Amino acid sequence: QVQLVESGGGSVQAGGSLTLSCAVFGYTDSNLCMGWFREAPGKEREGVAVITTIGGTSYYADSVVGRFTISEDGAKNTVYLRMNSLRPEDTAMYYCAADYRKAYTCGLRRDDYNYWGQGTQVTVST
């Protein structure tokens with residue numbers, strides 16, 4: 001069974017930076033889609049950034065392009081999300097997600113992923 005262990009998150013002022021980490025265990029095929037989703041109070045969970053663990057191709061939501069960077073370290077089975085120029089609207093619970101890669105690309109839809117972390121809170125204040 002695939003398990004995801006998240007770390008990072010916290011509180012920061014607008015304009016600041018944070019890095020989230022997600023380690024994956026228990027997979028049977030290393031060709032995965034992994035990434036980050038977020039859920040703000042009263043809003044649906046939305047895709048932020050995802051990456052292919054083979055090849056390292058990344059995909060981003062329009063709202064974070066140029067500010068967030070997703071990367072992967074195959075040796076550590078870990079995916080990172082570096083978040084720069086944070087805004088109050090980035091405040092949300094951030095969830096790591098993973099699934100076996102089914103197509104050439106990785107999607108940003110919630111339904112594309114069956115494995116989820118427990119979530120880590122990111123709060124950006126003015």
Side-chain angles (χ1 to χ4, degrees):
Q1 182 75 351
V2 174
Q3 292 185 318
L4 304 171
V5 179
E6 301 156 338
S7 60
S11 297
V12 66
Q13 288 190 324
S17 299
L18 286 172
T19 298
L20 307 181
S21 302
C22 176
V24 59
F25 303 93
Y27 52 89
T28 58
D29 182 345
S30 61
N31 194 8
L32 303 170
C33 290
M34 287 186 65
W36 295 91
F37 287 66
R38 65 186 181 188
E39 188 171 328
K43 295 187 177 181
E44 292 194 359
R45 191 171 299 187
E46 63 174 356
V48 175
V50 296
I51 192 168
T52 61
T53 57
I54 303 294
T57 303
S58 54
Y59 306 86
Y60 296 92
D62 290 343
S63 59
V64 305
V65 169
R67 300 189 299 123
F68 291 10
T69 302
I70 190 169
S71 61
E72 55 89 22
D73 184 337
K76 296 181 179 179
N77 303 323
T78 299
V79 169
Y80 304 94
L81 184 67
R82 176 67 176 178
M83 304 183 292
N84 295 327
S85 302
L86 282 162
R87 305 167 180 169
E89 54 264 39
D90 294 318
T91 295
M93 185 72 79
Y94 282 69
Y95 295 91
C96 182
D99 212 326
Y100 296 104
R101 192 169 165 188
K102 304 177 184 67
Y104 182 76
T105 59
C106 291
L108 284 167
R109 297 186 313 142
R110 180 177 182 172
D111 290 346
D112 291 336
Y113 299 85
N114 286 303
Y115 305 104
W116 295 87
Q118 76 282 4
T120 184
Q121 179 67 36
V122 171
T123 302
V124 185
S125 59
T126 56

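These figures come from a predicted structure and were not determined experimentally. Values reported hereafter were calculated over all heavy atoms of this structure, with side chains retained and with hydrogens, waters and symmetry mates removed.
Counting only residues at least two apart or in different chains, salt bridge (charged side-chain N to carboxylate O under 4.0 Å, His left out) contacts with residues 36-55 comprise R38-E46, R38-D90, E39-R45.
Using a 3.5 Å distance cut-off with no hydrogens or angles, the side chains of N77 and Y27 do pair a donor with an acceptor. Judged by distance alone, the side chains of R82 and T19 do bring a donor and an acceptor atom under 3.5 Å apart. With 3.5 Å as the limit, one finds no donor-acceptor pair spanning the side chains of Y104 and T52.
Residues near I54 contribute nothing to a hydrophobic cluster around it, because no ILVMFWY side-chain heavy atom sits closer than 4.5 Å to its side chain. The hydrophobic cluster around Y80 extends to none of the other residues, as no ILVMFWY side-chain heavy atom falls under 4.5 Å of it.
Taking both residues in full, the closest heavy atoms of S85 and S17 are given as N-OG, 4.4 Å, listed atom of the first, atom of the second, then distance.
Residues V24 and V2 form a side-chain contact, since some pair of their non-hydrogen atoms from C-beta on lies under 4.5 Å apart. Using a 4.5 Å heavy-atom threshold, the side chains of D99 and L32 count as separate. Using a 4.5 Å heavy-atom threshold, the side chains of M34 and V79 count as touching. At a threshold of 4.5 Å between non-hydrogen side-chain atoms, the residues Q121 and Y94 do not count as touching.
Atom NZ of K102 sits in a crowded spot, with more than 12 heavy atoms from other residues, nucleotides or ligands closer than 6.0 Å. Within 6.0 Å of atom CD in Q13, 12 or fewer heavy atoms from other residues, nucleotides or ligands are found, so the atom counts as exposed in its surroundings.
Taking OG1 of T53 as the reference point, atom CD of E72 lies at 6.5 Å (rounded to 0.5 Å). If you take OH on Y95 and OG1 on T120, they are separated by 10.0 Å, rounding to the nearest 0.5 Å. Note that SG of C33 and OH of Y113 are 4.5 Å apart. Values are rounded to the nearest 0.5 Å.
Here W116 and F37 bring their ring centres to under 6.0 angstrom of each other.
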Q: Output, in order, the C-alpha distance, side-chain angles, deciding distance and verdict of side-chain hydrogen bond (donor to acceptor under 3.5 Å, both in side chains) for T78 and D73.
A: CA-CA 5 Å; T78 299; D73 184 337; over 6 Å; no
